[in-house]
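Taking it in order: structure first as structure tokens, then the write-up.
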Amino acid sequence: MSRAFPIGLTPPDWLVRNLRSQRAPVSRPAVARAALAMALPLAIGLASGHTAYGAIASMGALSGVIGDTADAYRMRILNIAIPQLFGAVGVTLGSAVYGHGWLAVAAVTGVALLSGMISTIGAVASVSGLLLLLNSVVGAGLALPGPWWLAPLLMTGGGLLVLLLALLAWPLRSGVPERTAVAAAYRTVADLLAACGSQVPGAYEDARHTVTQSLNQSYDLILARRTGHHGRSAELTRLVAVLNAITPVVEAAPAAHLNGRPLPAEVPEAVLHLARAVETGFTGPVGLRLPDPAGTETARAVDHALRHAAEVVAAPDLDPRGLDDRLGRPAGLRVRAARAARDVALSAVSWRYGLRLALCIGLAQVLVSIVPVPRSYWVALTITFVMKPDFGSVFSRALLRALGTVAGLVVAAAVLSQVPRGWWDVAAMLLLAPLIPALTPRGYGYQTAAITPVILLLSDILNHQGTALLLPRLVDSLIGCGIALVAGYLLWPESWHTRVGDRLADAVADTARYVDSAFGPDVHPAERARMRRRLYRDLSVVRTEFQRALTEPPPTGRRAAAWWPMVVAVERVVDATTAARVRVRHGAGPPSAAEVGQVTLQLRELADGLRDTDVLYPVRTYLTGPPDSVLEPLRQEVAAARVITSPHPADRS
């Protein structure tokens, strides 16, 4: 019979959250690409008698495997090819200052500043900044064989090999990833409708958050492709229309949930039926079997939205001139590049992160220059991975990096001690490389455990040190984690109010504007839909930030837990607003301007209060109006938000 931990030995919640494995599907094609892309250069190097060259190309393939995360083929080009160019520049700069002492320290620190700043632009820029710094650290700390241009060429070639393997199926599967993403969005909406009226705590909120993430991903994939077609692609026109068509269904879901009764099973099943039609590209009668509307505004809204979606899915041709972009067409590449460069140069966030990363890398480079540390570039490599701004909490990543390194060293010890050098290295790589894409979705610690033996195997091929690599690599990793924690975390005590409170306050202020637009007479429906989508996207980012903060130790984690009800409350306010708008559109009486103004005033006061304090106190607020008004549920949600997490007026004086 098992015994429970004594109270004093119970692990804290933040530690449990850090160590919990995330559930995520494994991409079998990505696993196969990783095995082939990393083992093939080694095999070619052995066959040609240039084993070191093969190892360098495999290092480049490793970066391509890490960046091989997109589904759409055009997105894969961006995610893999562009970072490889930055990586080539990085290794060239690093090799140029190899062995130049303090010049190398200054150069790598400058690259760290630039890398940190460009990493704040977006996902592709983040990976590009990562490879720029990683490869410059490797080039400055490791004597690479051959002329100066060979290592960049080999590493870039290894990364592009991953891209080539990923693009082999493009002629046969062009457009399939986009259709799959849209179909997946429809399935998440089906889950949302199934959760409407559920009495399970958090079931509806979790389903709606999943819908937001899925719609974000689908719009990003499709609109990213559409920028190059200028509306001429019939396929993309159709996919945007199909994705837009599910928006009224999503808008009707809050009204159905507030109704308090589960929807008939035929309703979510109808959305699943549409999802199958979208995924297969079927056009024609879809034969939905929907129950008769019960006569309420909510039932009519759900029925009307589903029938509209079915009409769009069934339509064989769509006129792009009559198509509304619910999020707006993205600007051209040059415009976005110029905007990103301007934002990086003028943004306090990019400068702050760049300086933090430069400080940590500079300290690491100075330390290994003063204290003789063999293969010292490992310290800076560890810091680079731990300090990535969009990869989660620095504290959590440092902890998981240390634990993952220990686990990876156990595997590496078995490989380096038992596997003979030569062709057996290729066999070992065929077994180890697939673990990277297989374990990466489970969390950063698992990814580190998978990458560590691969890097050590490649290092052994270059340096022939065997198991003597293990202990120095552990020490280097721990030193890097320590520098990141002290210089990148403890010395920059950003308060919870600064990091998340302002962003949450902005979301509340945007919610007030959304309430105004929801019932304003002169707001175009497409603009209203774009506002709602942006608001849900912003709230999704806020929710993610809070969830990351929950993995940090006190006081940050405890403070995040205290603020969490506010995130849920704001989401419920947005849902109630959408539900009220849907009811008005389907026959309910519209609210008066005075009612709307009263609600928006309370929301603006709440937003101002969130910016003024870090400590939240409950305060009563009284919203009056006709009890049968369509805004009554919204008034209740706003009052609940003020009761849960409003600053006391005395704190604002």
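Reckoned from all heavy atoms, side chains included, excluding hydrogens, waters and symmetry mates.
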- Message: A side-chain contact here means heavy atoms from C-beta on lying under 4.5 Å apart; do Asp538 and Val542 qualify?
- Response: no
- Thr51 side chain reached by Arg421 side chain, heavy atoms, under 4.5 Å: no
- Message: Test side chain to side chain contact (heavy atoms under 4.5 Å, CB included) on Leu130 and Thr384; report intermediate values, then the result.
- Response: CA-CA 7 Å; Leu130 175 69; Thr384 304; 3.5 Å; yes
Nearest heavy atoms of [X] and [Y], plus distance in Å:
X      : Y      : result
Val108 : Ala140 : CG2-CB, 3.7 Å
Gln84  : Gly64  : NE2-N, 3.7 Å
Leu485 : Val394 : CD2-O, 4.4 Å
Val379 : Ala364 : CG1-CB, 3.8 Å
Gly129 : Ser119 : CA-OG, 3.9 Å

Backbone N or O of [Y] within a donor-acceptor pair of the [X] side chain at under 3.5 Å?
X      : Y      : value
Ser95  : Thr92  : no
Arg356 : Gly488 : yes
Asn135 : Gly87  : yes
Ser115 : Val111 : no
Ser58  : Met38  : yes
Ser214 : Val211 : no
Arg397 : Phe385 : yes
Thr452 : Ala449 : no

- Message: Whether the Gln365 and Thr109 side chains hold a donor-acceptor pair (N or O, under 3.5 Å, no angle test) is what I'd like checked.
- Response: no
- Trace of the side chain to side chain contact (heavy atoms under 4.5 Å, CB included) decision for Asp476 with Arg473: CA-CA 5 Å; Asp476 291 344; Arg473 296 298 73 78; 2.6 Å; yes
- Item | Candidate pair Cys481 and Thr382, rule side chain to side chain contact (heavy atoms under 4.5 Å, CB included), full reasoning | CA-CA 7 Å; Cys481 290; Thr382 299; 3.9 Å; yes
- Message: Checking Tyr353 against Met387 for the side chain to side chain contact (heavy atoms under 4.5 Å, CB included) test, could you report, in this order, the C-alpha distance in whole Å, the side-chain angles of both residues, the deciding distance, and whether it holds?
- Response: CA-CA 9 Å; Tyr353 174 67; Met387 288 291 295; 4.1 Å; yes
- Query: What do you reckon, is CH2 of Trp102 surrounded by more than 12 foreign heavy atoms closer than 6.0 Å?
  - Reply: yes
- Item | Test side chain to side chain donor-acceptor pair (under 3.5 Å) applied to Ser459 and Gln465, step by step | CA-CA 8 Å; Ser459 297; Gln465 288 184 302; over 6 Å; no
